[in-house]
Amino acid sequence: MNKSSINSKELQILLIFYSAAGIFVISVLVAIVSILPLYKQLKVNEESNLQSALRTRTLAVEEFISKVKSIAVQIASRTQARLELEAYNRSLNNRDSAVSNITRYLSDALNQSEDVVGITRFDQNNQLIVQLGLPIPQKFWDFPIQNSQNTQISNPIRLKNQSYIIVSQAIFNSNQQQQGKDLVLFKTEDLEKIITDYTGLGQTGEIFLGTFQNQQVKLFLSSRNQANTLSEPIIKALEKTVVLQESGLTLIKPKFWNYGQIIAFEPLSKVNWGLVIKIDRQELYASVNHQIITIGIIIITLSFMGAGGMVLLLRPLAGQVIIQTDELEEQLQEKNRTLHELNYAQGQLLLEIKERKQAENLLRESEAKLREQKQELQQTLKELQQTQAQMIQSEKMSSLGQMVAGVAHEINNPVNFIHGNIVYAKDYIQDLLNLIQLYQDYYPHPHQEIEAEIEEIELNFLQKDLKKILKSMEVGTERIREIVKSLRIFSRCDEAEIKKVDLHEGIESTLMILQSHFKAKSQSEYSEIQIIKEYGQLPLIDCYPGQLNQVFMNILSNAIYAIKDAQNSQKIELNSGCIRIKTQRISDNLVQICITDNGGGISEEVLSHLFDPFFTTKPVGKGTGLGLSISYQIIVEKHKGKLECHSQKEKYTEFIITIPIKLS
């Protein structure tokens, strides 16, 4: 009996030990299998963040390059300076006047831009004419051409312990013949800020901007590193970006005492440069390792707690089994089957309890994580919407202004040429008609073949209709010139600063651009929209003209859309579409512009979200939901004014713009 008792106690100890050890091992294995995919995903996220940081800096460098190119093009395209250059090329003797005028015009251009520190102009024979501001040494006058475009950018150079870049811009006349070129010297302070901004790169992050020249790497504007300390992987990354135009990530495996590195690289689309970011793998994955270690500690702790709970649970059960075994040893054979079924049921019950506890814990953890992720996503979404709206507005206004100004310039030159030559064409054709009349007077009976040709071409009708055709051509070119003038007024792409302008002029240019939308397409769709103007006496206003014209464009476009939608849905009669524009001065330093339409109106629910970014009631593909949000930012933040909207469903919608006359 004593031996049996000892064996039962040993059985109890073994049962408790193996049960607790099994639960602990299974928990650890399940945790390892679950953590591995999470660890890989977190590493991928950190690498993606590194590529995003590189892409952000790449876009900033490309934006800087586009800005200096645009400034160089504007300087070279100044009409008066270009005409003086043409006069200088034509005259070989009296050139002093042309040089003086060119110097004056280029001095104005030099003073208008803070980034420009020097301008050097050459004639069509590549001879120096004028050099203003910081002089460019002659050894930098000719630098390697990266492509066949008219605008070229040099690699950064050092002058007086400062870094600069040179932009070469060809100058053409109205016949697209090259008259000379400009070398414009720009400061690189904005570019240096981009390259030396190590935000988000920790202590080991480094940024490299350079090119691959003469089989060697040449770095620009580097503060943390020097060319003679570059490692082979960084040199290869720069070579890929510049020579092969590739982008991506390179992993450098650790060697002995270091932790390895990650290199992200990407080429620049506008110049033959490359951008590379290098960071230690340990620092990049530091947050990932910390999270994994924390999760592992929590899982091991929970496993120990589960094993301890199993020990406490099994101890009384095992003791009860020992008591029953001692008392019912003789009946063991008869009750063996029943005991087996009870043990099986007990195991199933314990497994079910364990699964339910695990499910409850996981559910609680998932709910807490989901709540935190929801709050983070909402905050991130709000910040992204604001940032995206600002970036879209900036890019949209810049692209629209450059496109409209470019189109206006490209149309204006040939139209002026045609318009100017129509006068001479009329005189020449009149002379030819007079000559034909003289021939008819002195030779009333020409040769039979000539009479047949006269009848074939209907000479009398041709003489009358030719004058009408010339008149219609003259009217058409005049109309195109008016449209080009309106496009230039609307775009104002060269007026990025505050200017004094006539608001009525900006409204009229916007109406001219939208004129085709006011006319009726067909009776089955909608009729012509009537424009009622009630202009007051307004002084010149301090404002950003291009941005203010964009606000007029957004509000008038929405009014047109609302009227057409109401006409199509028969909410208003086809011939009753109307937009009223009223301007007035309401105080010593405030003016007000009211734009009212009789479309379908706006509901209270929509009105409360009207100025939210990305909110739109238009169908997919018809609107982005950014127009009124951007207009609100332009009026309130840029011009320190107010933008209000009053509407009554199925009756009217009125936008009220209030801005100061003098903007401090």
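Between the side chains of N549 and T510, no donor-acceptor pair of N or O atoms lies under 3.5 Å. If you check the side chains of Y88 and R95, you find a donor sitting under 3.5 Å from an acceptor.
No side-chain heavy atom of V184 sits under 4.5 Å from any side-chain heavy atom of Q169. Side-chain contact between K499 and C543 is absent, with no heavy atoms from C-beta onward closer than 4.5 Å. Taking 4.5 Å as the limit, every side-chain heavy atom of L191 sits out of range of all side-chain heavy atoms of F186. Side-chain contact check for E266 versus R55: some heavy-atom pair is nearer than 4.5 Å. Annotation: side chain of L556 is in contact with side chain of I579 (closest heavy-atom distance under 4.5 Å).
Using a 30° and 60° split on the angle between ring planes, H639 and Y544 fall in the perpendicular class, above 60°.
Note on E508 versus K533: salt bridge recorded, some NZ/NE/NH1/NH2 to OD/OE distance being below 4.0 Å. We find that E189 and K193 are not joined by a salt bridge, their nearest charged nitrogen and carboxylate oxygen being 4.0 Å or further apart. Ion pairing between a basic and an acidic side chain is recognised when a charged N comes within 4.0 Å of a carboxylate O; K69 and D115 show no such pairing. By the 4.0 Å N-to-carboxylate-O rule, K500 lies close enough to D542 to be salt-bridged with it.
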Q: Any chance you could lay out the side-chain contact (heavy atoms from CB on, under 4.5 Å) test for R121 and L106, step after step, and finish with the verdict?
A: CA-CA 9 Å; R121 175 156 290 189; L106 292 184; 3.7 Å; yes
